[in-house]
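Just so it is clear, the values below take in all heavy atoms, side chains as well, and ignore hydrogens, waters and symmetry mates. One is the number of the first residue; the rest follow in order along the sequence.
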Amino acid sequence: MKTDQQFRDSLAETLGLVLPDTISEEAIIEALTRSIARLLEINPDRLFSLLYRLDISEEKIKEAMVAEEGMVKKIAVLVYERQVEKMYSRQRYKSDPPGEDLAW
């Protein structure tokens with residue numbers, strides 16, 4: 001299982017965030033909220049492209065966007081939750097390298 005540090009580094013790299021060495025879930029979501037708000041303002045097409053690439057359900061995005069208050073934070077939470085979900089899925093279904101008899 002990835003450590004918190006590995007998860008933080010992976011999330012920061014995937015989402016283009018600069019995060020300190022130690023950070024809470026809340027702080028990550030705040031950083032995401034700021035980044036998403038900026039993208040929504042200057043390049044919404046890029047934001048929606050990223051959401052699609054992150055494989056976030058269109059239905060969930062629409063639900064978040066209907067909210068008048070906290071829309072951007074709700075999208076940030078969706079991004080965070082999806083990244084956590086992907087991290088656990090990769091760890092759970094990680095394949096072991098082939099044995100010596102199958103290696104070329």
Side-chain angles (χ1 to χ4, degrees):
M1 171 103 34
K2 280 189 176 183
T3 65
D4 289 340
Q5 181 71 28
Q6 290 170 319
F7 172 68
R8 185 200 62 78
D9 292 344
S10 174
L11 184 65
E13 181 182 338
T14 300
L15 301 173
L17 299 173
V18 177
L19 301 174
D21 288 338
T22 58
I23 191 165
S24 68
E25 175 181 324
E26 199 172 293
I28 292 172
I29 291 172
E30 283 301 314
L32 282 169
T33 301
R34 287 190 300 276
S35 294
I36 290 168
R38 188 176 59 246
L39 270 176
L40 191 57
E41 186 177 309
I42 63 171
N43 194 348
D45 289 337
R46 172 100 170 108
L47 171 63
F48 291 111
S49 175
L50 286 169
L51 293 173
Y52 175 79
R53 198 164 39 118
L54 291 170
D55 195 29
I56 297 174
S57 161
E58 187 176 339
E59 185 176 310
K60 288 181 180 180
I61 294 169
K62 285 180 181 178
E63 286 176 21
M65 294 190 75
V66 170
E68 289 183 29
E69 278 190 47
M71 174 194 66
V72 176
K73 186 169 184 174
K74 288 179 181 185
I75 293 172
V77 169
L78 289 174
V79 169
Y80 179 83
E81 289 173 347
R82 180 64 181 130
Q83 290 302 103
V84 169
E85 187 180 290
K86 285 167 56 175
M87 178 194 73
Y88 285 123
S89 179
R90 286 182 185 136
Q91 288 297 313
R92 186 173 186 186
Y93 298 107
K94 180 173 72 172
S95 62
D96 294 327
E100 277 189 38
D101 56 331
L102 295 177
W104 294 37

Colleague: Can you see which heavy atom on Val72 is nearest to which on Ala37, and at what distance?
Modeller: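 Taking every non-hydrogen atom into account, CG1-N, 3.6 Å.
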Colleague: Between atom CZ of Arg82 and atom CG of Leu51, what is the distance when rounded to the nearest 0.5 Å?
Modeller: 12.0 Å
Colleague: If you round to the nearest 0.5 Å, how far is CD of Glu26 from CD1 of Ile28?
Modeller: 11.0 Å
Colleague: Is it true that a side-chain atom of Ser49 and a backbone atom of Asp45 form a donor plus acceptor pair closer than 3.5 Å?
Modeller: no
Colleague: Kindly compute the distance separating CE (Met65) from CG (Leu78), expressed to the nearest 0.5 Å.
Modeller: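 Result: 11.0 Å between the selected atoms.
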Colleague: Does the side chain of Ile29 reach to within under 4.5 Å of the side chain of Thr33, using non-hydrogen atoms?
Modeller: yes
Colleague: Quick one: CG on Leu54 to OH on Tyr80, what's the gap to the nearest 0.5 Å?
Modeller: 14.5 Å
Colleague: Nearest 0.5 Å, what's the CD1-NZ distance between Ile36 and Lys74?
Modeller: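 Nearest 0.5 Å value for the CD1-NZ distance: 13.5 Å.
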Colleague: For the CG atom of Leu40 and the CE atom of Met71, what is their distance to the nearest 0.5 Å?
Modeller: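 Reported to 0.5 Å precision, the distance equals 5.0 Å.
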Colleague: Could you see if Tyr52 belongs to whatever hydrophobic cluster contains Leu32? Use Ile, Leu, Val, Met, Phe, Trp, Tyr and a side-chain cutoff under 4.5 Å.
Modeller: no
